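The shown structure was predicted, so the numbers you read here are calculated from the model rather than taken from an experiment.
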Amino acid sequence: MAGTAPRGFVWVLVEHRGGWPVNGFDGLDLEPGTKALVFAAAQAVRARVLLVRRHGRRSGEEARRWAVLRHGPDGAGRQQWGTWDRDEDLAGIATALSTPGELGHPPVVLVCAHGQHDPCCAVHGRPVARALSEHWPELVWECAHVGGDRFAGNAVIAPDGVYYGGLDAESSVVVLGEHLAGRVHAEHLRGYTDLTPPQQAAVAAALGRFGPAGRNDYTVAETSRHGDRWRIRLTGRPPHPGRVDVELRAHRAPPCRLTCRGPATSSAVVYELTAICGT
């Protein structure tokens, strides 16, 4: 599972309480000009557009919300929120994508529950969303497809840019509680979205060997590749090791079904830890 978080720095959230099309935002019947404007602005910054909704029934009288969440190069997260009543109100997203956003907001917890895309996401994701919503109702949203259906239940912490997978109701509460307390654990971690897959796997290996750490406590100092071998050096903040050298071997796992819906088999790349040393 380590090394499977899709790369990304910006997320666009659009609250939609009705049924979600299989292709998410792209499948919504919206005013064409506004829809095209949002897509163009999102593509310009490589943002991921996700439909979201609160778990359980909500009053239709509440204003629907949209948000732009951005992970900064300094590790700081920025957010901008708005509401929409008419389709044309979503044009505010394009404006928000051209501005840096505001600091100081708590993170947003996105739990994939997109059953139309893949039934695994609903079967495993909705119990996770229910459990987390009972503890952190203002932070948690169900969301459309985020990738990695085979790891359902999946959760994304944005704009922190952290993917977790293989969650159930019980483990998700522990994982999120630890995350909010500034402790990321290797178990259930898919990776950080500002890192490449082998770098993600290296950070997970460091967390597994030396214990949990804050989201930005390890940074990648060097990365080199020789064939199927990767060498990655991490720099850690106290009390973690100041230098961690990780060696990985990349190989393809045996073919298997990577989604519940897809009948075809495929082979995923796995990063196997071969050596790790911290000083």
Check whether [X] and [Y] end up in the same hydrophobic cluster, where Ile, Leu, Val, Met, Phe, Trp and Tyr are linked by side-chain heavy atoms less than 4.5 Å apart.
{"X": "Y192", "Y": "L273", "result": "yes"}
{"X": "L139", "Y": "L167", "result": "yes"}
{"X": "L189", "Y": "Y218", "result": "yes"}
{"X": "V128", "Y": "V123", "result": "no"}
{"X": "W81", "Y": "V156", "result": "yes"}

Starting at [atom1] of [X], measure out to [atom2] of [Y] and round the result to the nearest 0.5 Å.
{"X": "I232", "Y": "Q200", "atom1": "CD1", "atom2": "CD", "result": "10.0 Å"}
{"X": "T34", "Y": "L90", "atom1": "OG1", "atom2": "CG", "result": "7.0 Å"}
{"X": "H124", "Y": "D149", "atom1": "NE2", "atom2": "CG", "result": "10.5 Å"}
{"X": "C112", "Y": "F151", "atom1": "SG", "atom2": "CZ", "result": "13.0 Å"}
{"X": "L103", "Y": "R78", "atom1": "CG", "atom2": "CZ", "result": "3.5 Å"}
{"X": "L51", "Y": "L110", "atom1": "CG", "atom2": "CG", "result": "11.5 Å"}

Could you check if a side-chain atom of [X] sits within less than 4.5 angstrom of a side-chain atom of [Y], using non-hydrogen atoms only?
{"X": "H185", "Y": "L207", "value": "no"}
{"X": "S172", "Y": "R130", "value": "no"}
{"X": "M1", "Y": "R150", "value": "no"}
{"X": "R17", "Y": "E62", "value": "yes"}
{"X": "V108", "Y": "V52", "value": "no"}
{"X": "L28", "Y": "P21", "value": "yes"}
{"X": "L180", "Y": "P107", "value": "yes"}
{"X": "V109", "Y": "L132", "value": "yes"}

Counting distance only, does the side-chain N/O of [X] pair as donor-acceptor with the main-chain N or O of [Y] below 3.5 Å?
{"X": "Y271", "Y": "W230", "answer": "no"}
{"X": "H71", "Y": "P159", "answer": "yes"}
{"X": "R190", "Y": "T4", "answer": "yes"}

List the atom of [X], the atom of [Y], and the distance in Å for their closest heavy-atom pair.
{"X": "A94", "Y": "L37", "result": "CB-CG, 3.9 Å"}
{"X": "W66", "Y": "G92", "result": "CH2-O, 3.6 Å"}
{"X": "R215", "Y": "G161", "result": "NH2-O, 3.7 Å"}
{"X": "L248", "Y": "A202", "result": "CD1-N, 4.1 Å"}
{"X": "T99", "Y": "R70", "result": "O-NH2, 3.2 Å"}
{"X": "N154", "Y": "G147", "result": "ND2-O, 3.8 Å"}

I would like to know whether V68 and V10 meet side chain to side chain contact (heavy atoms under 4.5 Å, CB included); could you show each step before the answer?
CA-CA 7 Å; V68 172; V10 186; 4.1 Å; yes
Side-chain donor-acceptor contacts of residues 234-243 below 3.5 Å, not counting sequence neighbours, with atom names and distances?
from : atom 1 : to   : atom 2 : distance (Å)
H240 : NE2    : D217 : OD2    : 3.1
R243 : NE     : D245 : OD2    : 3.1
R243 : NH2    : D245 : OD2    : 3.2

Please identify each residue that fulfils salt bridge (Lys or Arg N to Asp or Glu O under 4.0 Å) with [X], with sequence neighbours left out.
{"X": "D228", "value": "none"}
{"X": "E187", "value": "none"}
{"X": "E247", "value": "R231"}

Check step by step if salt bridge (Lys or Arg N to Asp or Glu O under 4.0 Å) holds for E15 and R64.
CA-CA 6 Å; E15 184 176 5; R64 292 174 293 180; over 6 Å; no
Once side chain to side chain donor-acceptor pair (under 3.5 Å) is applied, what residue pairs with a partner in residues 101-110 remain, sequence neighbours excluded?
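Every pair satisfying side chain to side chain donor-acceptor pair (under 3.5 Å) with a residue in residues 101-110: E102-H105.
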Quick one: list whatever passes side-chain hydrogen bond (donor to acceptor under 3.5 Å, both in side chains) with E170, sequence neighbours left out.
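Applying side-chain hydrogen bond (donor to acceptor under 3.5 Å, both in side chains) to E170 gives none.
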Decide yes or no on side chain to side chain contact (heavy atoms under 4.5 Å, CB included) for V12 and F25, but give the supporting numbers first.
CA-CA 10 Å; V12 173; F25 181 80; over 6 Å; no
With side chain to side chain contact (heavy atoms under 4.5 Å, CB included) as the criterion, how do Y164 and L176 come out once you've worked through the C-alpha distance, each side chain's angles and the decisive distance to 0.1 Å?
CA-CA 9 Å; Y164 293 104; L176 182 56; over 6 Å; no
Start with the C-alpha distance between W11 and L50, add both sets of side-chain angles, then the distance that settles side chain to side chain contact (heavy atoms under 4.5 Å, CB included), and finish with yes or no.
CA-CA 7 Å; W11 295 264; L50 294 172; 4.3 Å; yes
Checking R54 against W141: charged group under 6.0 Å from the ring centre and within 45 degrees of the axis?
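Ring-cation test returns yes.
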